[in-house]
There are 2 protein chains.
Amino acid sequence: MIEATARCLARDGLAGTSVRHVAAEAGVSPGLVRHHFEGMQDLVAETYRATGKQIAALLDEALAAAGPSAEARLHAFIETSFKPPLLDADLLAVWLAFWSLTRTDPQIHAIHAKVYAGYRRLLEEMIAALAREHGIAIETRQSALALTALLDGLWLEHCLDPKTFSAAEAAAIAHRWVDGLKKGS
Amino acid sequence: MIEATARCLARDGLAGTSVRHVAAEAGVSPGLVRHHFEGMQDLVAETYRATGKQIAALLDEALAAAGPSAEARLHAFIETSFKPPLLDADLLAVWLAFWSLTRTDPQIHAIHAKVYAGYRRLLEEMIAALAREHGIAIETRQSALALTALLDGLWLEHCLDPKTFSAAEAAAIAHRWVDGLKKGS
DNA sequence: CGCCCTATTATACGACCGTATAATTATTGC
DNA sequence: GCAATAATTATACGGTCGTATAATAGGGCG
């Protein structure tokens, strides 16, 4: 059902998605989805939770395969971020629904805060490890905030209009930023 | 009328905004707004155009007041970006509506491409001027893409959840990035 | 003044939506 | 095996939406 919600959000956006559409997409009656979920907000909230976990698992897997080096892990993180299934216009459409409700729905706001906190903590840990590896001092908090914003912005803008810059270019920009982190103060 | 649309989008989001709501907000009959606009998509498109021009004018004004130095202009750009009225959750809500329709509506996609192209061109020119000022070589295209994404990401994430990091912190991160541009390769 | 074009409204129709309620089917525990 | 509980559907009601259509008001112009 939450998979059906994700499909609906990807296809029609938040404005074009209704409880009835989700029911049809899931192949059940509208009454059933309302038996399990309060309404659209609840449905989107659970979809956010599930999607957030999926993405975290995907990134964790890529990091595990990258070995122990913080630098390699950071680059693997970037590489995974700018490749399908993460770099996907459909996923952006779903995410836009999350963002849209983050402002107004307290439940979704809480989920958003948790998802992004985990995201940033992961990056901050890797950046701190990178500093140790290279024996340099880095403002880990600000750097993690910056990298999160940079990745989010590149991801968003590429998905919105892939003609402006390629996925490879986005990854190159992020890689270069990490390289600059090693050298610059 | 497009002001009424912006207010509706800010208050209720795209999903909660209808032709009838815009009409009520503007104090006219629903038939009238449909006499001037084809529907919601058309309404949002014109709002995008108008809002984009407003923001560009606001930034231009700040740049003019910053003097001729490219470095000062870049920092003024950042400072303006992370202060009201640009740093505003209501503006983000409106912008989320734009982004949401960029994927599906060709007209809005075109407006989006034009707005962001202008945005990036402005940054790229300032970065090129900065390189000349300091007599260094900078990959202006990639740097402009990076700065655009960084600013977009910081702006988005701060508006979504201001508790995570302050506006001053966002500005500091961006300022630091520009400083790094001067030093780092 | 009278005419035409535009702006504006009023009204109406069919479609869809959220939601509630009662009925029906399946599942589980004893 | 049967009762209790959960899952699932069917149906119905009121509200809102987009949209079309006809009617009304207004304003420039010959």
Side-chain angles (χ1 to χ4, degrees), chain A residues 1-51 90 93-94 96-111, chain B residues 1-51 90 93-94 96-111:
Chain A
M1 253 192 210
I2 65 180
E3 293 173 18
T5 305
R7 283 196 297 274
C8 284
L9 291 177
R11 189 190 337 119
D12 308 317
L14 182 60
T17 301
S18 64
V19 174
R20 290 173 124 102
H21 281 161
V22 172
E25 179 73 31
V28 298
S29 73
L32 183 59
V33 16
R34 261 195 61 80
H35 179 72
H36 291 285
F37 302 90
E38 295 253 349
M40 251 307 174
Q41 304 197 351
D42 198 18
L43 218 26
V44 173
E46 296 312 318
T47 307
Y48 200 165
R49 248 191 272 272
T51 310
D90 283 348
V94 178
L96 281 172
F98 298 157
W99 284 339
S100 298
L101 289 180
T102 295
R103 279 186 71 240
T104 54
D105 187 309
Q107 188 188 0
I108 294 186
H109 186 280
I111 299 172
Chain B
M1 250 189 212
I2 65 179
E3 293 174 19
T5 306
R7 282 195 297 273
C8 283
L9 291 177
R11 190 191 335 120
D12 309 316
L14 182 61
T17 300
S18 64
V19 174
R20 290 173 125 101
H21 280 161
V22 172
E25 179 75 30
V28 298
S29 73
L32 182 59
V33 15
R34 258 192 66 77
H35 179 71
H36 291 284
F37 301 91
E38 295 254 349
M40 253 308 180
Q41 305 196 350
D42 197 17
L43 219 26
V44 173
E46 296 311 318
T47 306
Y48 201 166
R49 248 192 272 270
T51 309
D90 283 348
V94 177
L96 281 171
F98 298 156
W99 283 340
S100 299
L101 290 180
T102 295
R103 279 187 69 240
T104 54
D105 187 310
Q107 189 188 359
I108 294 186
H109 187 279
I111 298 173

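Below, each value reflects all heavy atoms present in this structure, side chains not excepted, and no hydrogens, waters or symmetry copies. Chain letters run A, B, ... following the sequence lines, proteins first, then strands; residues in each count from 1.
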4.5 Å side-chain heavy-atom contact, Leu32(A) and Met1(A): yes
Side chains of Thr17(A) and Val22(A) in contact at under 4.5 Å (non-hydrogen atoms): yes
Minimum heavy-atom distance between [X] and [Y], given as atom pair plus value:
X	Y	result
Leu9(B)	Ala93(B)	O-CB, 3.9 Å
Ala50(A)	Ile2(A)	CB-CD1, 3.4 Å
Asp42(B)	Gln107(B)	OD1-NE2, 3.7 Å
Leu96(A)	Ser100(A)	O-OG, 2.7 Å
Ile111(B)	Ala45(B)	CD1-O, 3.4 Å

From CZ (Arg20(A)) to CE (Met40(A)), nearest 0.5 Å: 12.0 Å
Atom pair CD/OG1 of Glu3(B) and Thr47(B) - distance to nearest 0.5 Å: 9.5 Å
Whether Phe98(A) and Tyr48(A) hold their rings parallel, tilted or perpendicular, with breakpoints at 30° and 60°: parallel
Of all pairs that satisfy salt bridge (Lys or Arg N to Asp or Glu O under 4.0 Å), the ones with a partner from residues 98-109 of chain A, not counting sequence neighbours: Arg103(A)-Asp90(B)
Spacing of Met40(A) atom CE relative to dT16(D) atom C1', expressed in whole Å: 17 Å
Gln41(B) CD - dT19(D) C1' separation (whole Å): 15 Å
For chain B, the stretch of DNA chain C it reaches, first to last nucleotide, under 4.0 Å of its heavy atoms: dA7(C) to dA12(C)
Any residue of residues 99-111 of chain A with a heavy atom less than 4.0 Å from an atom of DNA chain D: none
For DNA chain D, the residues among residues 23-36 of chain A that have a non-hydrogen atom under 4.0 Å from it: Val28(A), Ser29(A), Gly31(A), Leu32(A), His35(A), His36(A)
Pairs flagged by ring pair (Phe, Tyr, Trp, His ring centres under 6.0 Å) wherever residues 17-40 of chain B is involved - sequence neighbours left out: none
Bend angle of the helix from dC1(C)-dG30(D) to dC30(C)-dG1(D), from helix axes over five pairs at each end, nearest 10°: 10°
